[in-house]
Amino acid sequence: MNMKKTFEAPAALAFCLCVLCAAFAACGTGTAGGSAAINEDDGYIYTFGFFSPILGNTVLQLDQNGNIVPAARKEMVDILTGEVQCLTEALNTRPPGAGKDVPLEFLYTAIYSTAGEELQPYEQIEYQPAFGNYLLRRNNAFYTHYYENERIPPEEYSCLYNFVTGEVVLKNVCTVYKLANGSALLLDFDGKPVAIAGGSSTEITLLPNDILAQDESVSTVFGPYIVAYTWKMNGGGITTLYDENFEVAGFCGSFSDYSPMPFNGGENVYATLEQEEANTVIAKDGSVVCTLPPEANAIFADDELIIYSIYDKGLYLATTKGEVLIAAEQIYPLKNGELFLIGNGNQISVVNRTGTVLKQRLFEYEVVSFWAETDYYYSVSYTDENDIPRNDILDQNLQTLFQNTEYMYFYPLAAQSYSGLPEGLVCPLFAAECLGQNSRIDILNADGSVVIAGITAYFDTGPNCIAIQKGLDIGLIDWQGNWVFKAPIFNYIYAE
């Protein structure tokens, strides 16, 4: 789970940025204030992303020593054939010919053939793969202007673009899905089907505007089904499954994914088809995994186990053959379903795939909710005897690391983006977010004491360091909270 928290600069800070630009531009790119010594460069490339009303969206890639790392060319892979269409290169310097008054922008992008020949020059555009000679061409200024009430129409945001000829083929194409029959489904800004395309760059068939109901839009493609969702004014909605000819194939109660944290998103792997006598859980290939009671919806599933919910009754961990192992108020899969976190009243347990209790803890008060921040750190919420909400951080042995009385959210930084951390690593640092009048993000260690107070944002986590922004400085801190390097943002924005 790669979670990134940022605070937008208020108007006063935006004014300060203007005043300070010239002063910072005179500084050399390098370290300022680094105090920690790390003997070995971890080789990790750290990504910093920040926004200001002056500079817009800016992304930097730096090594452990604070040096800018040029962006590598990225392969655009055809969603239909899996072959490389072309290469794109995004500059994290000014585009060629731009003056020094132009800030650094990561999203100046050029297109190259697979042989390295330039096909399209650098523009402030982002590209996404599509098929054949087509890419999705996205105007990154769209959202900025849209939410500033300039109301750029959606067709100016994204289009289907022929990267060989440089021509816009179809406006207002924002998403492309591969269908099971090998064709591509093109959707507009609102999720409405626009066209069906074959494998070659010439076969594009426009779809009628009324192919879906007015209040219906496509949310995803699941195996042989096109999944459309309809909002209802009285709450809830209807998820309809269509075949590739847009004929109704059924109705869907829920989707689940096979990931450590299914509630936090991920690829849909299983779907619950609603039927009168029994709901059916199917996999992407259309095969039936198991059947459930008609009021049940799958939350998590694999070949042997399933977690499903029944409204007003709770959650159930069961085998796909129908044997219920555990009924509980809360169930949370850990380590891709190797273990499960179970909550009932004031008791939390960790069980294995047979339902055997491995660890257990009774709390003084009834647990309101819990969730796994990672496979090794859990947040538990409850209300104490004074009716005050509390939030404890637990380790994998269900022992309290510290009790939160001030912060709204915690994020163990070891789990942000670096996947090479050793099994069971004891994470020494947390990002803690306080909302309201005292909004801020603090970096805490494992006993809850503040290591760095009032950071603006945290970005990327590598084996040795964490990328953060504090005020007008960006840099890396080590796992003890010491600065490895720190430098003003504008050293990089206006670097030669």
Side-chain angles (χ1 to χ4, degrees), residues 1-7 30-50 60-67 69 260-261 334-335 371-379 391-404 406-407 409-434 440-471 473-487 489:
M1 179 177 63
N2 185 4
M3 308 186 73
K4 299 180 181 178
K5 293 287 177 181
T6 62
F7 291 159
T31 63
S35 58
I38 294 180
N39 294 328
E40 185 176 337
D41 192 327
D42 56 26
Y44 190 81
I45 305 303
Y46 294 85
T47 300
F48 296 77
F50 45 90
L60 292 171
Q61 291 181 308
L62 307 179
D63 64 19
Q64 186 174 290
N65 299 311
N67 300 312
V69 178
M261 300 181 186
L334 304 172
K335 299 183 180 181
W371 58 96
E373 301 287 4
T374 74
D375 285 333
Y376 306 105
Y377 295 96
Y378 321 130
S379 296
N391 178 222
D392 287 0
I393 301 297
L394 311 182
D395 63 16
Q396 60 183 324
N397 295 314
L398 305 182
Q399 299 304 305
T400 299
L401 287 175
F402 57 88
Q403 185 182 76
N404 166 42
E406 183 178 7
Y407 299 99
Y409 302 112
F410 290 89
Y411 304 102
L413 292 174
Q416 295 311 304
S417 64
Y418 180 65
S419 59
L421 294 167
E423 178 80 6
L425 170 73
V426 177
C427 170
L429 296 179
F430 292 79
E433 184 174 345
C434 183
R440 68 184 189 279
I441 303 175
D442 295 340
I443 303 292
L444 313 181
N445 64 18
D447 65 7
S449 58
V450 177
V451 176
I452 300 180
I455 70 168
T456 307
Y458 59 94
F459 306 106
D460 213 352
T461 303
N464 290 342
C465 305
I466 304 162
I468 70 170
Q469 177 185 350
K470 182 174 171 62
D473 292 325
I474 61 172
L476 299 179
I477 59 173
D478 64 18
W479 289 105
Q480 288 70 48
N482 302 309
W483 286 99
V484 175
F485 83 85
K486 179 173 66 172
I489 292 173

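- To the nearest 0.5 Å, atoms CG (D395) and CG (N397) are separated by 5.0 Å.
- The two atoms that bring T461 and Y44 nearest to each other are O-OH, 3.5 Å, heavy atoms only.
- In this structure, D63 CG and I45 CD1 are separated by 6.0 Å, a value rounded to the nearest 0.5 Å.
- Atoms CD1 and CD1, on I474 and I489 in that order, are 6.0 Å from each other to the nearest 0.5 Å.
- For the atom pair CZ (F48) and CD1 (I468), the distance works out to 8.5 Å, reported to the nearest 0.5 Å.
- Tested against F485, the residues N67, I477, L476 include a single side-chain contact (heavy atoms from CB on, under 4.5 Å) partner, L476.
- Looking at L444 and S449, their side chains never come closer than 4.5 Å, going by heavy atoms from C-beta outward.
- Annotation: the span from E433 atom CD to D442 atom CG amounts to 10.5 Å, rounded to 0.5 Å.
- Taking every heavy atom of both residues into account, T47 and A467 meet most closely at O-CB, 4.4 Å.
- Looking at every heavy atom in both residues, N445 comes nearest to F430 through O-CD1, 4.2 Å.
- Here the shortest heavy-atom pairing between L394 and T400 reads CD2-OG1, 3.5 Å.
- With sequence neighbours left out, the side-chain hydrogen bond (donor to acceptor under 3.5 Å, both in side chains) criterion links D392 to Y382.
- Y458 and A431 make their closest contact through CE2-CB, 3.4 Å (heavy atoms, listed as atom of the first residue, atom of the second, distance).
- Looking only at distances, no side-chain donor or acceptor of Q396 sits under 3.5 Å from a matching main-chain atom of L398.
- Put simply, CD1 on I393 and CD on Q399 are 14.5 Å apart, with the number rounded to the nearest 0.5 Å.
- Taking all atoms of both residues into account, the shortest heavy-atom contact from Y46 to N464 is OH-N, 4.0 Å.
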